2 protein chains.
Amino acid sequence: MELNGIKVIAFDADDTLWVNEPYYRKAEEEFCDLLKDYMPKETCNRILFDIEMKNLEVYGYGIKPFALSLIEAAITISDHKIPISVVTTLIERAKKMLHHPIELLDGIEETLKELSKKYRLVMATKGDLLDQERKLIKSGLEDYFHHIEIVSDKTPDHYRKLIKQLDIHPDEFLMIGNSMKSDILPVLDVGAYAFHIPYHTTWAHEIVNEDTQHDRYIELKEASELLDYL
Amino acid sequence: MELNGIKVIAFDADDTLWVNEPYYRKAEEEFCDLLKDYMPKETCNRILFDIEMKNLEVYGYGIKPFALSLIEAAITISDHKIPISVVTTLIERAKKMLHHPIELLDGIEETLKELSKKYRLVMATKGDLLDQERKLIKSGLEDYFHHIEIVSDKTPDHYRKLIKQLDIHPDEFLMIGNSMKSDILPVLDVGAYAFHIPYHTTWAHEIVNEDTQHDRYIELKEASELLDYL
């Protein structure tokens, strides 16, 4: 693979730089536990997911949409019988999630430190700007990144715009992330490079089932392997 | 004023391009009406504002933070006695706000059309990216803007970063907006130009009481007056 032309490396944030999805899984588990008198766990999980998907277009991604969907799901699941104290609990838990400390993934810091000497690094995420900025500052990784690019979704069109804004060509752009659906397939689609570092927990909405073979694509086990290629 | 060097003109969005604040004022009024059995309107408004301010740091700006604060305020104001149906009403109203049609302010479209022939126009807002993108598309103004810049807050540091990202100097940057606190004072502070177009409704959090005199500052009555200067 010819990587000499790469100018900008974009990193997805959640579950690429730091732990994220497991906190949502834990919050969902606690939620269905809170509502276990109204509905068995599996049905609870399914209804919550359906409500999240229905709200995705209007709310977007992140903890605040998640909190609003949890409240709506609690009302639906309990057939409007939930005591108001449950709503208070859900709001408090959402605030706790927003304040959660950052757990960096293995090898991230050393890898970014090396790569930032040779490339312009940006963070490209579809989370909420305020949350992601706060996480970046708390992570201690801020100095390695030129800036944060927030996109409302990660489709080929969004990547085309991003690459245009960075004032480079697609073959000078490399995206690194844990989601095939968001970080890899749309990037390959626009003619850029994409390296996949899978994470053990993936949100159902982000899962794609297909084998990827592509001459601008590599799958890695962890971030430090990037230094073998770049 | 020497404006020949201007390369990028950034427009604030809410209450600069289109109507926004009056919808929040209306939502607050309807909220305190919904809770009038628990508390008189003035106290209700004050408690809601206090909760919004307390949550601003953790939630940021926009309709989703507003919705979560309304739910929290309803619980506080009713001393945990509010029926769950009120929470459902608040969630439904928030979704309605997110889907509200766009009302452009006077003279905006013609002015942007003219300015976009000579300058790079960007939209610079601290709202939520998904919401602001959706509003921009619904507004029909999308083609006049090079891109959207979302900032988590509008402090001098945020403008310094923005100007650096745009790859220009401060004296090549002009900001246009309705908020002295967010769009004007921090911009003058970093050595750029700022034109103020006041709007009749301003959120209490955005109000500053001081006379501004500055050689890189002009106050206008409406957007079309921009064409007299640019």
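Here is the naming used below: chain letters follow the sequence lines, and residue numbers restart at 1 for every chain. Since this is a predicted model, take the numbers as computed values, not measurements.
Residue A:D153: no heavy atom, backbone or side chain, is found under 4.5 Å from chain B. For a residue to count as touching a neighbouring chain, one of its non-hydrogen atoms must lie under 4.5 Å from one of that chain's; by this rule A:K161 touches chain B with the side chain only. Contact of B:Q165 with chain A is made through the side chain alone, with heavy-atom distances under 4.5 Å. For A:E133, the part sitting under 4.5 Å from any heavy atom of chain B is the side chain, from C-beta outward, and nothing else. Using a 4.5 Å cut-off between heavy atoms, B:V151 touches chain A through its backbone atoms (N, CA, C, O) alone. Neither the backbone nor the side chain of A:D167 comes within contact range of chain B; no heavy atom of the residue lies under 4.5 Å from a heavy atom of that chain. If you measure heavy-atom distances from A:I75 to chain B, the contacts under 4.5 Å come from the side chain alone.
Interface residues of residues 10-49 of chain B toward chain A, defined by a heavy-atom distance below 4.5 Å: none.
Here B:Y144 contributes atom OH and B:E114 contributes atom CD; the two are 9.5 Å apart, rounded to the nearest 0.5 Å. Rounding to the nearest 0.5 Å places CG of B:N4 at 11.5 Å from CG of B:D171. Between the CG atom in A:N55 and the CG atom in A:D50 there is a gap of 11.0 Å [rounded to 0.5 Å]. Here the CG atom belonging to B:D128 is positioned 3.5 Å from the NZ atom belonging to B:K64, to the nearest 0.5 angstrom. One finds the OG1 atom of A:T89 at 10.5 Å from the CD1 atom of A:I71 (value rounded to the nearest 0.5 Å). Rounding to the nearest 0.5 angstrom, the gap separating the CD1 atom in B:I150 from the CG atom in B:L162 is 11.0 Å.
Here A:R134 is the residue among A:R134, A:H99, A:E57 with the most heavy-atom pairs under 4.5 Å with chain B.
Without hydrogens or angle criteria, B:S69 side chain to B:F66 main chain gives no donor-acceptor distance under 3.5 Å.
Sorted by first and then second residue, the side chain to side chain donor-acceptor pair (under 3.5 Å) pairs involving residues 76-85 of chain B (not counting sequence neighbours) are B:D79-B:K81.
The 12-atom threshold is exceeded at NE2 of B:H147, counting heavy atoms of other residues, nucleotides or ligands nearer than 6.0 Å.
Side chains of A:L104 and A:L141 form a contact here, defined as non-hydrogen atoms less than 4.5 Å apart.
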